[in-house]
Colleague: 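This is the structure, below, for whatever I ask next.
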Amino acid sequence: MRIERDILGTKKLSDDAAYGINTVRAAENFDLCHKKTNMRLIYAVVQVKKAAAITYRDMQVREPGIYEAILSACDEILAGKYDAAFITEALQGGAGTSVNINVNEVVANAALRILGKPYGQYDLIHPLDDVNRGQSTNDVYPTALRIAAIDMLRVLSEACAALQTALQEKENEYEQIHKLGRTELMDAVPITLGGEFGAYAQAIARDRWRLYKVEERLRQVNLGGTAVGTADTASRQYRFRVIEELRRITDIGLAAAEYPLDITQNNDVFTEVSGLLKALSVNMMKIANDLRLMNSGPRGGLGEIRLQALQQGSTIMPGKINPVIPEMVMQCAMKVIANDAAITIAAAHGEFELNAFFPLIADSLLESLQLLTRAVTIFRTKCIAVLTADEAQCRQHLEASAAFGTQYIQALGYDTVSRIIKENAPQQAKKILDGMMKKS
């Protein structure tokens, strides 16, 4: 065991613990048993530390070897070697300070190990004086969230593009299948099944474009602004160099915020991103529910399409198969919409120069991005790409309806057509209307 000290006292830690006393306190204080901080966020914080280490190495801030070791430690962490050492809960007080502390301590200890020193020998490499030099949680954490969000948005945008393509393929495949259109779940006018899928494709195309464009507003970072955006403890040379290094490391066109105080205290950009994820969720839910309804049956429902049978649907009703993928997609969409509400409330509570509830924003946003990326991909591969049309059933519903009535209105008038359809069966009404058209 080793003993570490802070201003509150001492703690005993295992010699093998790569974190330090402040991480232990955070784990004890926020023992929610909920979930750990998203590793994508952790890795993004480590990328910030790596950029800082390169900057300070080149500035020759300390003797040779110190920041080289910190840099190597960051690489080991990014390779997954220290994943188990990141133990902080996703939801925590302190605006994310515990996450930054956890990373600082692990980086410092990993660097010490590289130099052949034991964990905890902070007189050589200190988590705050060296790893966190010229930084604050308040510029590191938001910068890291922007990096993680951009990376995930790019993947989600690609997934939406693939879904759009799959929907367009169904549009082309089913362009000659005529069916009954419905408004407010009631018989409306004839359309094609291909036309329905084409409309779905257009909705997803809009989502894809919106997600692509919002990256522009995430690229501005407040790194170097430290506590409130006024650059306390961060030198001018560091501020300019560190963002250049971070741009190179992440392959993202990051730029220094024109007004770091704004970026530090205001989180509307994350609310905007979340709103776009909500818009995608709304479209996904709408499409998934339409497919559930068109698949309903197989004998007592619409039965216009057939979703692939994936698993047994009941423990009591033999042969029952449920539309499980659309149902899963709809639940993911509901969760994202709920996350959007949480992000909205948390962002609105950014009192004065800092938002204390930033951990909720970060966790909710990254969870939404992860959920949607997987949901979109699964929806495409296990639902859209493999569903089939029942052309005969589509035709039967169309022919059994009075959807043909609209075409007679111009010549015969709305009231006349309505009366004939009301007083006669659909096929008889059509014969009567055809006869009236010939006479007119």
Side-chain angles (χ1 to χ4, degrees), residues 18-20 23 37-86 88 96-97 99-115 117 119 122 124-152 154 218-219 221-226 233-235 237-256 362 366:
Y19 46 79
T23 301
T37 300
N38 192 299
M39 283 305 299
R40 288 180 179 271
L41 182 61
I42 295 291
Y43 288 153
V45 173
V46 174
Q47 287 179 311
V48 174
K49 304 299 177 181
K50 180 177 179 179
I54 294 172
T55 301
Y56 286 127
R57 179 200 63 188
D58 294 347
M59 291 171 60
Q60 299 180 341
V61 168
R62 285 202 58 186
E63 63 271 24
I66 297 299
Y67 276 104
E68 284 85 350
I70 292 174
L71 175 57
S72 297
C74 290
D75 286 335
E76 288 187 350
I77 293 169
L78 292 172
K81 184 176 179 179
Y82 286 90
D83 283 3
F86 297 103
T88 57
T97 300
V99 170
N100 192 31
I101 282 176
N102 194 177
V103 173
N104 288 330
E105 291 179 341
V106 175
V107 170
N109 282 317
L112 288 168
R113 182 62 59 89
I114 288 169
L115 294 177
K117 305 298 182 181
Y119 290 160
Y122 300 140
L124 179 59
I125 297 179
H126 196 277
L128 299 181
D129 293 339
D130 297 311
V131 180
N132 197 65
R133 182 186 295 270
Q135 302 156 52
S136 164
T137 298
N138 306 347
D139 63 344
V140 169
Y141 197 74
T143 297
L145 180 56
R146 281 168 162 78
I147 292 168
I150 288 173
D151 283 338
M152 296 174 75
R154 289 176 175 179
L218 286 168
R219 289 177 185 166
V221 297
N222 65 338
L223 188 61
T226 64
T233 77
S235 70
Q237 186 180 14
Y238 162 79
R239 295 201 308 271
F240 284 98
R241 284 192 176 191
V242 72
I243 293 178
E244 289 180 7
E245 290 297 338
L246 192 57
R247 187 185 303 120
R248 183 184 58 80
I249 290 168
T250 61
D251 196 29
I252 297 172
L254 301 171
L366 296 181

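Numbers here are sequence positions counted from 1. Here the structure is a predicted model, which means the values were calculated and not measured.
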Colleague: Would you call Thr250 and Asp151 a side-chain contact if the rule is heavy atoms closer than 4.5 Å?
Modeller: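 Not touching, per the 4.5 Å side-chain cut-off.
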
Colleague: Using a 3.5 Å distance criterion without hydrogens, assess whether the side chain of Arg247 forms a donor-acceptor pair with backbone atoms of Leu254.
Modeller: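 Indeed, once roles are kept as given, a pair shorter than 3.5 Å links the two residues.
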
Colleague: Taking it one step at a time, do Val103 and Val48 satisfy side chain to side chain contact (heavy atoms under 4.5 Å, CB included)?
Modeller: CA-CA 10 Å; Val103 173; Val48 174; over 6 Å; no

Colleague: How many angstroms lie between CG in Asn132 and CD1 in Ile101, if you round to the nearest 0.5 Å?
Modeller: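 That separation rounds to 8.5 Å.
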
Colleague: Please check: side-chain N/O of Tyr122 versus main-chain N/O of Glu105, any donor-acceptor pairing under 3.5 Å?
Modeller: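 No.
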
Colleague: By side chain to side chain contact (heavy atoms under 4.5 Å, CB included), which residues pair with Thr137, not counting sequence neighbours?
Modeller: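 Result, side chain to side chain contact (heavy atoms under 4.5 Å, CB included) vs Thr137: Thr97, Asn100, Tyr141.
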
Colleague: Can you give me the closest heavy-atom contact between Ala144 and Ala44, atom names plus distance?
Modeller: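 Closest pair (atom of Ala144, atom of Ala44, distance): O-CB, 3.2 Å.
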
Colleague: Rounded to the nearest 0.5 Å, what separation is found between the CG atom of Leu78 and the CG atom of Asp83?
Modeller: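 Reported value, rounded in 0.5 Å steps: 10.0 Å.
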
Colleague: Of the non-hydrogen atoms in Arg154 and Asp251, which two are nearest, and what is the gap between them?
Modeller: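 Heavy-atom minimum between the residues: NH1-O, 3.5 Å.
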
Colleague: Any chance CZ of Arg40 has more than 12 other-residue heavy atoms, nucleotides or ligands included, within less than 6.0 Å?
Modeller: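 Open: at most 12 neighbouring heavy atoms sit under 6.0 Å from CZ of Arg40.
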
Colleague: Evaluate side chain to side chain contact (heavy atoms under 4.5 Å, CB included) for Ile77 paired with Phe86, printing each intermediate quantity in order.
Modeller: CA-CA 10 Å; Ile77 293 169; Phe86 297 103; 3.7 Å; yes

Colleague: For the CD1 atom of Ile70 and the CD1 atom of Ile54, what is their distance to the nearest 0.5 Å?
Modeller: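 It is 12.0 Å, given to the nearest 0.5 Å.
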
Colleague: So Thr143 and Leu246, do their side chains get closer than 4.5 Å, heavy atoms only?
Modeller: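 Sidechains of Thr143 and Leu246: in contact.
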
Colleague: Would you check if Arg62 and Tyr67 make a side-chain contact, meaning some heavy-atom pair closer than 4.5 Å?
Modeller: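 Of all side-chain heavy-atom pairs linking Tyr67 with Arg62, at least one is under 4.5 Å.
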
Colleague: Could you work out, with salt bridge (charged side-chain N to carboxylate O under 4.0 Å, His left out) as the rule, every residue matching Lys81, not counting sequence neighbours?
Modeller: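 Glu76.
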
Colleague: Between side-chain atoms of residues 237-245 and protein atoms elsewhere (two or more places apart, or another chain), which donor-acceptor pairs fall under 3.5 Å?
Modeller:
| from | atom 1 | to | atom 2 | distance (Å) |
| --- | --- | --- | --- | --- |
| Arg239 | NH1 | Ala234 | O | 3.2 |
| Glu245 | OE1 | Arg248 | NE | 3.2 |
| Glu245 | OE1 | Arg248 | NH2 | 2.9 |

Colleague: Quick one: do Asn102 and Val45 satisfy side chain to side chain contact (heavy atoms under 4.5 Å, CB included)? Show the steps, please.
Modeller: CA-CA 10 Å; Asn102 194 177; Val45 173; over 6 Å; no

Colleague: Roughly how far apart are Ile125 CD1 and Asp130 CG, rounded to 0.5 Å?
Modeller: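 Interatomic distance, Ile125 CD1 to Asp130 CG, rounded to 0.5 Å: 6.5 Å.
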
Colleague: Per the side chain to side chain contact (heavy atoms under 4.5 Å, CB included) rule, which among Ile252, Leu41, Ile249, Leu218 passes with Ile147?
Modeller: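 The passing option is Ile252.
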
Colleague: Output all residues satisfying ring-ring contact (aromatic ring centres under 6.0 Å, His included) with Tyr19, sequence neighbours left out; order by chain, then residue number.
Modeller: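 None.
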
Colleague: Got a sec: does the CD of Glu63 have more than 12 other heavy atoms crowding it under 6.0 Å?
Modeller: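 Counting other residues, nucleotides and ligands, CD of Glu63 exceeds 12 neighbours.
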
Colleague: When you measure from the side chain of Asp139 to the backbone N and O of Gly224, does any donor-acceptor pair fall under 3.5 Å?
Modeller: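 Confirmed, Asp139 side chain pairs with Gly224 backbone.
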
Colleague: Strictly by modelled atom types, are Tyr82 and Arg113 linked by a side-chain donor-acceptor pair under 3.5 Å?
Modeller: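 No, Arg113 and Tyr82 have no side-chain donor paired with an acceptor closer than 3.5 Å.
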
Colleague: Would you compute the distance between atom NZ of Lys117 and atom CG of Asn109 and round it to the nearest 0.5 angstrom?
Modeller: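 So the gap between those two atoms works out to 14.0 Å.
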
Colleague: About how many Å separate CD1 of Ile66 and NE2 of His126, when rounded to the nearest 0.5 Å?
Modeller: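 Reported to 0.5 Å precision, the distance equals 13.5 Å.
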
Colleague: The criterion is side chain to side chain contact (heavy atoms under 4.5 Å, CB included); which residues satisfy it with Pro142, sequence neighbours excluded?
Modeller: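 Counting only residues at least two positions away or on another chain, Pro142 forms a side chain to side chain contact (heavy atoms under 4.5 Å, CB included) with Arg146, Asn222, Phe358.
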
Colleague: Using salt bridge (charged side-chain N to carboxylate O under 4.0 Å, His left out) as the criterion, list what pairs up with Lys50, not counting sequence neighbours.
Modeller: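 Per chain and number, Lys50 pairs via salt bridge (charged side-chain N to carboxylate O under 4.0 Å, His left out) with Asp75.
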
